[in-house]
Q: 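First the structure, then my questions, so here it is.
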Amino acid sequence: MTHSVEAGDVIRLAGVRETPLSVDEVYRAVGAPGAGGIALFAGTVRDHDHARAVSGLSYSAHPTVERELRAVMEKVAADHPVHGLAAVHRVGDLRIGDIAVIVAASSAHRAEAFDACRRLIDDLKAGVPIWKHQTFTDGGDEWVGAC
């Protein structure tokens, strides 16, 4: 389903940063007078992965990352009746508990906001060139594909 709203009108915040992310900033970015629902997802660094204890991780990104992020957001905007979209991702070294990514979508109704938010995080993880390098407490490490 394609909607007539221009993607540029609803993409309110898109970025990749080395600095800590703000849930409040992302929430404010997607607010709109006609938005009856705002769905927000924050991904954090957990202390384990596949039954191994994680000591920390680092994210790195391809130079085209912001262009690719915007392309993902444009597709979500074209397919969902949203008032606002926002997505920010960290790069660099992160500790357990740090926020790694925040995405949000606002729409007239909650179901539409939830659907758009889920699609945004799923497509970001699948198609935006961000890679995770995990280190484990046992001294091992691993690279994980696109974000």
Q: For residues Val10 and His83, report the shortest heavy-atom separation together with the two atoms involved.
A: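 Answer, listing the atom of Val10 first, then His83: CG1-O, 3.4 Å.
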Q: Kindly assign one of parallel, tilted or perpendicular to the pair His89 and Tyr59, based on the angle between their ring planes and the thresholds 30° and 60°.
A: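 Perpendicular.
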Q: Taking all non-hydrogen atoms of both residues, which atom of Asp98 and which atom of Arg95 are closest, and how far apart?
A: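 Scanning both residues completely, I find the closest heavy atoms to be OD2-N, 2.8 Å.
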Q: Within the side chain of Thr135, is there an N or O that forms a donor-acceptor pair under 3.5 Å with the backbone of Ser55?
A: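 Side chain of Thr135 to backbone of Ser55: no pair is present.
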Q: Hey, are the side chains of Val72 and Glu68 touching, using non-hydrogen atoms and a 4.5 Å cut-off?
A: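 Result no, sub-4.5 Å side-chain heavy-atom pair not found.
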Q: With rounding to the nearest 0.5 Å, note down the distance linking CD1 in Ile102 to CG in Leu120.
A: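 Here the interatomic distance stands at 12.0 Å.
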Q: In terms of heavy-atom contacts, does NE2 of His109 have more than 12 from other residues, nucleotides or ligands at under 6.0 Å?
A: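 No - once you tally the heavy atoms of other residues, nucleotides and ligands closer than 6.0 Å, there are 12 at most.
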Q: Examine Ile38 and Val82 and state if one hydrophobic cluster contains both, with Ile, Leu, Val, Met, Phe, Trp and Tyr joined whenever side-chain heavy atoms are less than 4.5 Å apart.
A: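 Looking at the clustering, Val82 is in a separate group from Ile38.
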Q: What are the two closest heavy atoms between Ala104 and Val26, and how far apart are they?
A: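 That would be CB-CG1, 3.6 Å.
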Q: Verify the cluster assignment for Ile96 and Val91: are they in a single hydrophobic cluster under the rule of side-chain heavy atoms below 4.5 Å apart?
A: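 Yes, Ile96 and Val91 fall within the same hydrophobic cluster.
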Q: Without hydrogens or angle criteria, can the side chains of Ser58 and Asp93 be said to hold a donor-acceptor pair below 3.5 Å?
A: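 Ser58 vs Asp93: donor-acceptor pair found between side chains.
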Q: In Å and rounded to the nearest 0.5 Å, what is the CD to CG distance from Gln134 to Leu94?
A: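 Reported value, rounded in 0.5 Å steps: 11.5 Å.
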Q: Within the 4.5 Å heavy-atom criterion, are Arg46 and Val54 side-chain neighbours or not?
A: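 Arg46 does not reach Val54 side chain to side chain.
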Q: Working to the nearest 0.5 Å, report the span between CZ of Phe114 and CG of Leu40.
A: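 Rounded to the nearest 0.5 Å, the CZ-CG separation comes out at 10.5 Å.
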Q: Give, for atom OG1 of Thr44 and atom CZ of Arg90, the distance between the pair rounded to the nearest 0.5 Å.
A: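 The distance works out to 12.5 Å.
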Q: So, for Phe41 and Cys117, which heavy atoms are closest and what is the spacing to 0.1 Å?
A: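 Of all heavy-atom pairs spanning Phe41 and Cys117, the closest is N-SG, 3.8 Å.
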Q: Using modelled atom types and a 3.5 Å cut-off, is there a donor and acceptor pairing between side-chain atoms of Arg12 and backbone atoms of Gly31?
A: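 A pair under 3.5 Å: yes.
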Q: Quick one: closest heavy-atom pair of Ile99 and Ala42, and the distance?
A: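 Result for this residue pair: CG2-CB, 4.5 Å.
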Q: Below 4.0 angstrom, N of the basic side chain to O of the carboxylate: do Arg119 and Asp79 qualify?
A: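 So Arg119 pairs with Asp79 through a salt bridge.
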Q: Taking all atoms of both residues into account, what is the closest heavy-atom pair of Arg70 and Ala14, and its distance?
A: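 Result for this residue pair: NH2-CB, 4.2 Å.
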Q: Taking atom CZ of Arg52 as the centre, does the number of heavy atoms from other residues, nucleotides or ligands within less than 6.0 Å exceed 12?
A: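 Counting neighbours around CZ of Arg52, more than 12 heavy atoms of other residues, nucleotides or ligands fall under 6.0 Å, so yes.
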Q: Following the transitive rule for hydrophobic clusters with a side-chain heavy-atom cut-off under 4.5 Å over Ile, Leu, Val, Met, Phe, Trp and Tyr, establish whether Leu13 and Leu69 coincide in one cluster.
A: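 Result: no, two separate clusters.
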Q: If you draw a 6.0 Å radius around CZ in Phe136, do more than 12 non-hydrogen atoms from other residues or ligands fall strictly inside?
A: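 For Phe136, atom CZ is crowded (more than 12 foreign heavy atoms under 6.0 Å).
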Q: Do Val103 and Met73 sit in the same hydrophobic cluster, where Ile, Leu, Val, Met, Phe, Trp and Tyr count as joined when their side-chain heavy atoms come under 4.5 Å apart?
A: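 Result: yes, single cluster for both.
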Q: What's the spacing between Leu85 CG and Ser106 OG if we round to 0.5 Å?
A: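 Nearest 0.5 Å value for the CG-OG distance: 7.5 Å.
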Q: Nearest 0.5 Å, what's the NZ-NZ distance between Lys132 and Lys125?
A: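 It is 6.0 Å, given to the nearest 0.5 Å.
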Q: For residues Val65 and Ile11: do they belong to one hydrophobic cluster (side chain heavy atoms under 4.5 Å, members Ile, Leu, Val, Met, Phe, Trp, Tyr)?
A: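 Yes; Ile11 is reachable from Val65 via cluster members.
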Q: What pairs with His62 under ring-ring contact (aromatic ring centres under 6.0 Å, His included), at least two apart in sequence or on another chain?
A: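 In terms of ring-ring contact (aromatic ring centres under 6.0 Å, His included), with neighbours along the sequence ignored, His62 is linked to no residue.
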